[in-house]
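As structure tokens, the structure follows; a few thoughts come after it.
It should be emphasised that the depicted structure is a prediction, and the values quoted were computed from it without experimental measurement. Excluded from the calculations below are hydrogen atoms, water molecules and symmetry mates; all remaining heavy atoms, backbone and side chain alike, are included. Chain letters run A, B, ... following the sequence lines, proteins first, then strands; residues in each count from 1.
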Amino acid sequence: MMRTHRCGDLRAEHAGENVTLCGWVDTRRDHGGVTFADLRDTAGLVQVVFNPDESMDAHAAAQGLRNEFCVRIEGEVRRRPAGTVNEKIPTGEVEVTASSVHVFSSADTPPFQVGEHQEVDENLRLKYRYLDLRRPSMQANLRLRHAIIGAIRRFFDAEGFVEIETPMLTRATPEGARDYLVPARLHPGAFYALPQSPQLFKQLFMVAGMDRYYQIVRCFRDEDLRADRQPDFTQLDLEMSFVEVEDVLDVTERMFKSVWADVLGVGLPDFPRIPYRESMERFGSDKPDLRFGMELIELSDTFAATEVRVFRSVLDAGGAVKAIVLPQGSELGRKDLDALVDEAKSLGAGGLVWASVTGEGLKSPLDKFFTGDERSGLVETTRAREGDLILIVADPRRSIVHKALGALRVRLAQRHDLIPRTERSDPDHWKFAWIVDFPWFEWNDEHEGWVPIHHPFTGVVEETLDHLDSDKEKVLSKSYDIVLNGWELASGSIRIHDGEMQSRMFDALGISRDEASEKFGFLLEAFRYGPPPHGGIAPGIDRIVALAAGEENIREVIAFPKTQSAYDPLTAAPAPVNDDQLKALHIKVVTPPKPAGGG
RNA sequence: GGACCUGUGGAGCAGCUAGGAGUGCUCGUCACCCUGUCAAGGUGAAGGUCGCGGGUUCAAAUCCCGUCAGGUCCGCCA
């Protein structure tokens, strides 16, 4: 037996025991005579004492130890002498008096100090990820991830779901995200694609009568990265037969409550349901952060008769004038206000009008153009108080107003510390919500056509089908999202299982029978053999864990993530391959590769 | 594809607005001292293409242009 205990597990009750520990040297404190070293393993730290009066050999060996050496220590657990207890660490009541030291392996001076005391450049952390992962916070994140996935599996097992794997080498889908392609050696000129999600396969499981399927599964999307987006990421994919919207919402909500109770010890309240349109009007987003107010306020009535040109032209064009109120925002200086205007413009708005509520009335670039009624109406409608700052966006396109104010709402709340600083153990820390009643279609400028907001197999709310030919934006889908603290955590829908209905939607999308057959033929064919009504949802595991861990970036909960340019500094992937490999794959590279990650 | 922020001994920063010798701080490393520290302490030392390239200037870490890398965001992500 190489060790008898883990460093971080030792407590006062072990006093008097002879133990053998394995771990890494965290720090060494050499007092000339007695020498201390903290030994770290996955369970935590414990102080080891090398006292020449106890063991000359051990003390001599300790002189050669350096940070991150991997060692085995034998010694006796002792209660620390009075006055030397370290309350900062769980093992602080005891220490181990070393009788022998064995060095498994020495270590070069690490490229950065393994500890929580300072932020280290992200590139460096990823290049030496194995050292980064030695840090207790990273170990805790990966253990939390494991715990959450374990809780998920226990939940679905108890609910009668079956976990089934789906292929990683599959067929490229023309719509949706860009695919990662894999050349097929045995089929010159043809390619597999890595799955964006197991969407079609899980629907086939329903046709196959599996009834309730789930999978913790890696998905791949070749799109630009964000704090919450990696090229390969993990989904909790699930699908159920003989269900309506309520059934999927019920099981998913219970799953989240179960996981939060199991892992975080938090009892979550029922998730509120917010219709998509309401979410856009109130928060300017379909993933609203509900931890704070600052809701968007409609000002069309306030300025209905206005002669202020920017508002007049927008209202005449059927656009929207809306505002948010930044509490105590009148403290902002001219420079900050100009920056806010630029920020609004960069979000697509034509501009931004600010108005400070001061003791002497409104202060605003447009104040001289406002009538008395407009001034008082603005303050009353927005309920702004003295010291507050009103930010107004007007645009002929209502969606632009929402997007700009929605983004500013979140950014300003963060900058001005308006999000309550609750503990993770506090149920109020977690503002889950369902977003429901999504439109089925949205207009796509690039394709100059209507495209599905979710995907083409999404069920339609029957009562809204009348609008299919006239007002496509009024057709609602049987889809739903879960949002948490401003992050989209899950997205799903009831699917179409009726061939005739599916044909109608393809027609509405301008997809011909041939085209549909070529793209999704195998699914459509399967649907000729008695498909059950079915639906599902796919929560993002990386996002769930990041939020649960209090991290702002999913890289912190992924063992080996990639940089924003989808590069892995550890393995230096992607990398060119040699000519033999290309030849076997019938591939000719036209643009000579430039080494990634250089500079 | 675009916007913004960042890049200074091994790590984290300051210096840049207003050009004047690689200047400073914290940590680490090495040597020596030190028997109760706990991110030990003390003394000393080593360690630098100021991301890279170009320009302006008598003079550039500092100003300008380009470029690379990291980050945040917009586009993109059915």
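In this structure, E119(A) reaches the sugar-phosphate backbone alone: every heavy-atom distance under 4.0 Å involves primed, P, OP1 or OP2 atoms, never a base. Using a 4.0 Å heavy-atom criterion, one finds that I453(A) contacts the sugar-phosphate atoms exclusively. Nucleic acid contact for K127(A): none, since no nucleic acid atom lies under 4.0 Å from a heavy atom of the residue. Q199(A) comes within 4.0 angstrom of a base, heavy atoms only. As judged by a 4.0 angstrom heavy-atom cut-off over every strand, D30(A) is placed among the base-contacting residues. Among the atoms of the strands shown, only primed sugar atoms or phosphate atoms (P, OP1, OP2) are found under 4.0 Å from some heavy atom of P111(A). Residue R411(A) is classed as a sugar-phosphate contact, given heavy-atom separations below 4.0 Å to backbone atoms only. Within 4.0 Å (heavy atoms only), T563(A) reaches sugar-phosphate atoms of the nucleic acid but no base atom.
Across C64(B) and C16(B), the matching C1' atoms stand 14 Å from one another, rounded to whole Å. A gap of 30 Å separates the P atoms of G22(B) and U29(B), to the nearest Å. Remark: the separation of the P atoms in G12(B) and G19(B) is 29 Å, to the nearest Å. Atom name C1', nucleotides G20(B) and G15(B): the rounded distance is 14 Å, in whole Å. The gap from the C1' atom of C68(B) to that of C52(B) amounts to 7 Å, rounded to the nearest Å. Across C13(B) and U6(B), the matching C1' atoms stand 13 Å from one another, rounded to whole Å. Between the C1' atoms of A46(B) and G54(B), the separation comes to 34 Å (whole Å).
Applying the 4.0 Å criterion to OP1 and OP2 of A40(B), one finds that R29(A) has a side-chain N or O inside that range. N86(A) has no side-chain polar atom (N or O) that falls below the 4.0 Å cut-off from OP1 or OP2 of G36(B). A sub-4.0 Å separation between OP1 or OP2 of G71(B) and a side-chain N or O of K562(A) is absent. Taking 4.0 angstrom as the limit, K88(A) places a side-chain polar atom (N or O) nearer than this to OP1 or OP2 of A39(B). Proximity of S565(A) to the phosphate of G70(B): a side-chain N or O atom is located under 4.0 Å from OP1 or OP2. OP1 or OP2 of C74(B) has not a single side-chain nitrogen or oxygen of R229(A) nearer than 4.0 Å. OP1 and OP2 of G70(B) both lie 4.0 Å or more from every side-chain N or O belonging to R125(A). Distances shown here put every side-chain N or O of Q47(A) at or beyond 4.0 Å from the OP1 or OP2 atom of U37(B).
The side-chain tip of R409(A) points at the ring of F292(A) from less than 6.0 angstrom away and within 45° of straight on.
Pairing for G9(B) is absent, with no Watson-Crick or G-U wobble pair whose two atom distances lie under 3.5 Å. A31(B) is paired with U43(B) under the Watson-Crick or G-U wobble criterion, all donor-acceptor distances under 3.5 Å. Base pairing analysis places C50(B) opposite nothing; no Watson-Crick or G-U wobble pair with both distances below 3.5 Å involves it. In this structure, A3(B) and U72(B) make a Watson-Crick or G-U wobble pair, each of the two defining distances being under 3.5 angstrom. Across all strands shown, U56(B) remains unpaired; no Watson-Crick or G-U wobble contact has both distances below 3.5 Å. Judged by Watson-Crick or G-U wobble contacts below 3.5 Å, the nucleotide A21(B) has no partner. Figure legend. A61(B) is base-paired to no nucleotide; pairs are counted as Watson-Crick or G-U wobble with both atom distances under 3.5 Å.
Rounding to whole angstrom units, CZ of residue R221(A) and P of C77(B) are separated by 10 Å. Nucleotide G36(B) holds its C1' atom 13 Å from the CD atom of E54(A), rounded to whole Å. The interatomic distance linking L408(A) (CG) with A3(B) (P) rounds to 20 Å, in whole Å. In this structure, D228(A) atom CG and G71(B) atom P are separated by 14 Å, rounded to whole Å. Between the CG atom of L347(A) and the P atom of C4(B) there is a distance of 14 Å, rounded to whole Å. Rounded to whole Å, atom P of G70(B) lies 8 Å from atom OH of Y567(A). Following rounding to the nearest Å, E122(A) (CD) and G12(B) (P) show an atom-to-atom distance of 12 Å. As rounded to whole Å, 14 Å separates atom C1' of C74(B) from atom CG of D342(A).
To the nearest 0.5 Å, atoms CH2 (W354(A)) and CG (L340(A)) are separated by 10.5 Å.
Pairing each heavy atom of L39(A) with each of I73(A), the nearest pair is CD2-CG1, 3.8 Å.
Salt bridge R78(A)/E95(A): absent, no basic N to carboxylate O contact under 4.0 Å. Residues R125(A) and D121(A) are not paired through a salt bridge, judged by the lack of any N-O separation under 4.0 Å between the basic side chain and the carboxylate. Ion pairing between E343(A) and R411(A) holds under the 4.0 Å rule for side-chain N and carboxylate O. One finds a salt bridge joining R79(A) and E93(A) here, because a Lys/Arg side-chain nitrogen approaches an Asp/Glu carboxylate oxygen to under 4.0 Å. Looking at D228(A) and R543(A), a side-chain N of the basic residue comes within less than 4.0 Å of a carboxylate O on the acidic one, giving a salt bridge. A salt bridge links E68(A) with R40(A): the closest approach of a Lys/Arg side-chain nitrogen to an acidic carboxylate oxygen falls below 4.0 angstrom.
Sorted by first then second residue, the salt bridge (Lys or Arg N to Asp or Glu O under 4.0 Å) pairs that include residues 559-574 of chain A, not counting sequence neighbours, are D232(A)-K562(A).
Taking 3.5 Å as the limit, the base of U35(B) and the side chain of D53(A) contain a donor-acceptor pair of atoms between them. At a cut-off of 3.5 angstrom, counting only N and O atoms as typed in the model, there is a donor on one side and an acceptor on the other between the side-chain of E95(A) and the base of G36(B). In the interface, the side chain of D224(A) is paired with the base of G75(B) through a donor and an acceptor atom under 3.5 Å apart. With hydrogens and angles left out, the side chain of R80(A) and the base of U37(B) share a donor-acceptor pair within 3.5 Å.
Residue K472(A) places its NZ atom among more than 12 non-hydrogen atoms of other residues, nucleotides or ligands, all under 6.0 Å distant.
Among F520(A), W440(A), F527(A), the single residue meeting the ring-ring contact (aromatic ring centres under 6.0 Å, His included) criterion with F457(A) is F520(A).
The V49(A) side chain lies nearest to G36(B) when the options are G36(B), C77(B), G70(B). Taking the side chain of V34(A) as heavy atoms from C-beta on, and the options U72(B), U37(B), U35(B), the nearest nucleotide is U35(B).
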Output a table of nitrogen or oxygen pairs between the protein and nucleotides 26-30 of chain B separated by less than 3.5 Å.
| residue | atom | partner | partner atom | Å |
| --- | --- | --- | --- | --- |
| C27(B) | O2' | Q113(A) | OE1 | 3.0 |
| C27(B) | O2' | Q113(A) | NE2 | 2.5 |
| C27(B) | O2 | Q113(A) | OE1 | 3.3 |
| G28(B) | O4' | Q113(A) | OE1 | 3.3 |
| C30(B) | OP1 | R66(A) | NE | 2.9 |

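Of the two residues near RNA chain B, P456(A) and T27(A), the one whose nearest nucleotide lies more 5' is T27(A). Sequence order on RNA chain B of the closest nucleotides to F36(A) and L124(A) puts L124(A) first from the 5' end.
In this structure, H31(A) does not pack face-to-face on the six-membered ring of G36(B), missing the 5.5 Å centre cutoff or the 30° plane limit.
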